[in-house]
Amino acid sequence: MTMSKPLLRAKGLVQSYRVKSGLLSGARELHALKGIDLTINRGEIVGLVGESGCGKSTLARILLGLEQPVSGTVEVDGVPVTQADKRARARRIQPVFQDPYGSLNPSMIIRDIIALPLKVHQICPADERMRRVARLADQVGLPARLLDAVPGELSGGQRQRVAIARALIIEPELLICDEPTSALDVSVQAQILNLLMDLRRDTGVAMLFISHDLAVVEYMTDRMFVMYLGQIVETGPTADVFSAPGHHYTMALQQSVFSPDDDAGLPTTRLKGNPPSPLDPPTGCAFHPRCEAATGTCREISPELVDLRKGGLCACHFPLGVDSGNTPLTRSDPHALRESG
Amino acid sequence: MTLLSVKNLRVNLRTDAGRLRAVRGVDISVERGQTLCLVGESGCGKSMAALAMLGLLPPSAEWSADEMKLDGVSLLNAGQSTLSNIRGNRVSMIFQEPMTALNPTFTIRDQLCGVYRRHKGGNRAQARERAIYLLERVGISNARNRLDQYPHELSGGLRQRVLIAMALMCEPELIICDEPTTALDVTTQAQILVLLAELREELGMGMIFITHDLGVVSRIGDHINVMYAGRVVESGTRDAVLGCASHPYTQGLLRSVPRPGVNGLQSRLGTIPGTVPSFYQADPLCPFRGRCERKLPICASQAPPVRSGAGHHSALCHNTEISSIAGNSA
Ligand SMILES: Nc1ncnc2c1ncn2[C@@H]1O[C@H](COP(=O)(O)OP(=O)(O)OP(=O)(O)O)[C@@H](O)[C@H]1O
Ligand SMILES: Nc1ncnc2c1ncn2[C@@H]1O[C@H](COP(=O)(O)OP(=O)(O)OP(=O)(O)O)[C@@H](O)[C@H]1O
Ligand code: SF4
Ligand SMILES: [Mg+2]
Ligand SMILES: [Mg+2]
């Protein structure tokens, strides 16, 4: 018996854009993705976090087939998908984007917006279509009276429900959710997150869940990827990544998350410096200018993504919490690692 | 003496659909060296309340208040020149959207030195020195060279730092920050919050911090006003409001936030069903009654009373008891 194949496997994805920077320098290459490997299993919710501009949406667009990578492959069920299979891919992978305002056609009524993918993919006759729309509206908690409204008459949360219903109507196996709740109030966000959890339980749909909100990623996902400047710097089961982060950037992200239960005051350790420009990436480990544990090695050699623990990978020369010999190391003492290592 | 004291602030906006009641009788009180957080969801009137205090409301707005005192001196009947001397000088603001607050056609130097010379006079060199000092203080490396850059040449985090420096040019007594970190990455947000807290301490300023993020509130607030539909529904020290939330809306908000260490397979998030009421009707009854799970028959017939407890903790609600611990913070 063979292990079941992942639903989606991306290998070595590289993307770059030509951008004009400044008056004198002509067009330059901006490396948005620098070799991304990622898998998503059936029924799994996989998180993707990282700061603005690190390449999350670029990765999402490539997985959706909305743009072509410079190199690298995307396989669905072990079969490479190409530009030619656009329609087949769209049947299996559907997006839910951040902006519930911009992503719906303002002049169409909700019923037609949700039904459109059925029409495009010629999945069922018109009368069956309307039955499906009604069922799905019910499933995502959209009042039936709103089916004849236009997007402008709906609240932000209701519009996001429409976007989710539209994505689900052709029963895809994977939803790519790019910041699906970032534009929503917390009480509305809670409704949408509960809805996505219910949908996964009831339909088994898998998700790539992109967010810059770590608490949301911890709540939603089974496994997660942390990106920094176009690279995966850490991945593993979400619970492990949170309980014992390996990468110094993951740690910094975690220390920047504030919960209403905290009364710890403001963080004493915080990340120094500003995010680097992707046009002018640092040498070696891209994180080294901001890292407390950086050494000469970090400035020169880019660390590989290697095993950190069972099921977890980390790209760091001096990962946190890793015993490099007989000196016991604590997470808060990365320098001890440097000396002994 | 209380630095800023505002009583019964109301703001109406004239719109095509009628008079929109954005702020409906809000009290605000800020002490020197302390931070008051205004927290609530989109549209509850946080920005309008702040803009009213600075006299920066849009032309379609009309406002009134029973009291508005800065350092004990009433601003209600102050002349235009007094007000414009206060604005940007004794009271300054960091806006929600840094790009709209910075003029894209002027360099950083022009913007920073402009405010200073308008209020403090002084010569070019003095203004420039202060600008460089503050840019360095807010963590901008290479401050001298940044002076000649334009806003669009800076990243979001740097722009927000420039805005903070600009707000501090005249050593204000009160600084109003309207969601200064909402558009930023969490790591940058943490840096900016620490910076603001340090500066408040160092300069002994009072601060009003507007946000919808209860996690941020827990780290930076001394006192919290929770707003809903143009009113303050709960008010108290940070520990009282976050630790012993008494209003059903505050409780609902707190239940809807994902907490560290919790996964969706273990527990569902709390939600607040329904939507906010119309902003066009004057309505003395509880604004939350349409969504409240603790609603009583009286909620639909009588205005909610202010229930208060220890340490200035209060909630506007028929069906609550303030059980808070005596305020041990602030
Ligand atoms: N079409 C494009 N042309 C040029 N540069 C681009 C293009 N799309 C993205 N980029 C650049 O590629 C990098 C990655 O962008 P991307 O939108 O994937 O980031 P992100 O992680 O989704 O950020 P955010 O959290 O802000 O949404 C950024 O530096 C961005 O400016
Ligand atoms: N220029 C305007 N004209 C008419 N109505 C407005 C205007 N600006 C704001 N409003 C309305 O006034 C009410 C209060 O708005 P305000 O900007 O104070 O909310 P807020 O609490 O700051 O929300 P957010 O968190 O989204 O910034 C809202 O219902 C809003 O729609
Ligand atoms: S006054 Fe009544 S309706 Fe309003 S919050 Fe209290 S219990 Fe709920
Ligand atoms: Mg993005
Ligand atoms: Mg606002």
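Treat the numbers as computed from the prediction; the structure is a model and nothing was measured. First the proteins, then the strands, lettered A, B, ... as listed; each starts at 1.
Ring-plane geometry between B/Tyr150 and B/His152 is classed as parallel, the angle between the planes falling under 30 degrees on a 0 to 90 degree scale with a further cut at 60. Using cut-offs of 30° and 60° on the angle between ring planes, the pair B/Phe288 and B/Tyr249 is perpendicular.
Along residues 261-268 of chain B, the residues that come nearer than 4.5 angstrom to chain A, judged on non-hydrogen atoms, are B/Gly261, B/Val262, B/Asn263, B/Gly264, B/Leu265, B/Ser267, B/Arg268 in order of number. Along residues 190-201 of chain A, the residues that come nearer than 4.5 angstrom to chain B, judged on non-hydrogen atoms, are A/Ala190, A/Gln191, A/Leu193, A/Asn194, A/Met197, A/Asp198, A/Arg200 in order of number.
Ring-centre distance between B/Tyr228 and B/His247: not below the 6.0 Å cut-off.
Heavy atoms closer than 4.5 Å to chain A are found in the side chain of B/Val257, but not in its backbone. For chain B, the nearby part of A/Thr221 is the backbone; its heavy atoms alone come within less than 4.5 Å. Heavy atoms of B/Arg255 lying under 4.5 Å from chain A are absent altogether. Looking at B/Leu254, the atoms closer than 4.5 Å to chain A (heavy atoms on both sides) all sit in the side chain, from C-beta outward.
Salt bridge B/Arg259/A/Asp261: present, at least one basic N to carboxylate O contact under 4.0 Å. Using a cut-off of 4.0 Å between Lys/Arg side-chain N and Asp/Glu carboxylate O, B/Arg137 and B/Glu198 are scored as salt-bridged.
A donor atom on one side chain and an acceptor atom on the other are not found under 3.5 Å apart for A/Thr235 and A/Arg223. A donor-acceptor contact under 3.5 angstrom links the side chains of A/Ser187 and B/Glu41, judged on distance only. There is a side-chain donor-acceptor pair under 3.5 Å between B/Arg146 and B/Gln149. Side-chain contact annotation: A/Glu292 with A/His248, donor-acceptor N/O pair under 3.5 Å absent. There is no side-chain donor-acceptor pair under 3.5 Å between B/Asp185 and A/Ser52. Remark: the A/Ser57 side chain and the A/Asp178 side chain contain an N/O donor-acceptor pair separated by less than 3.5 Å.
With chain A as the partner, the residue from B/Asp213, B/Leu242, B/Val186 showing the most heavy-atom pairs under 4.5 Å is B/Val186.
In terms of modelled atom types and a separation under 3.5 Å, the side chain of A/Ser256 and the main chain of A/Ala252 share a donor-acceptor contact.
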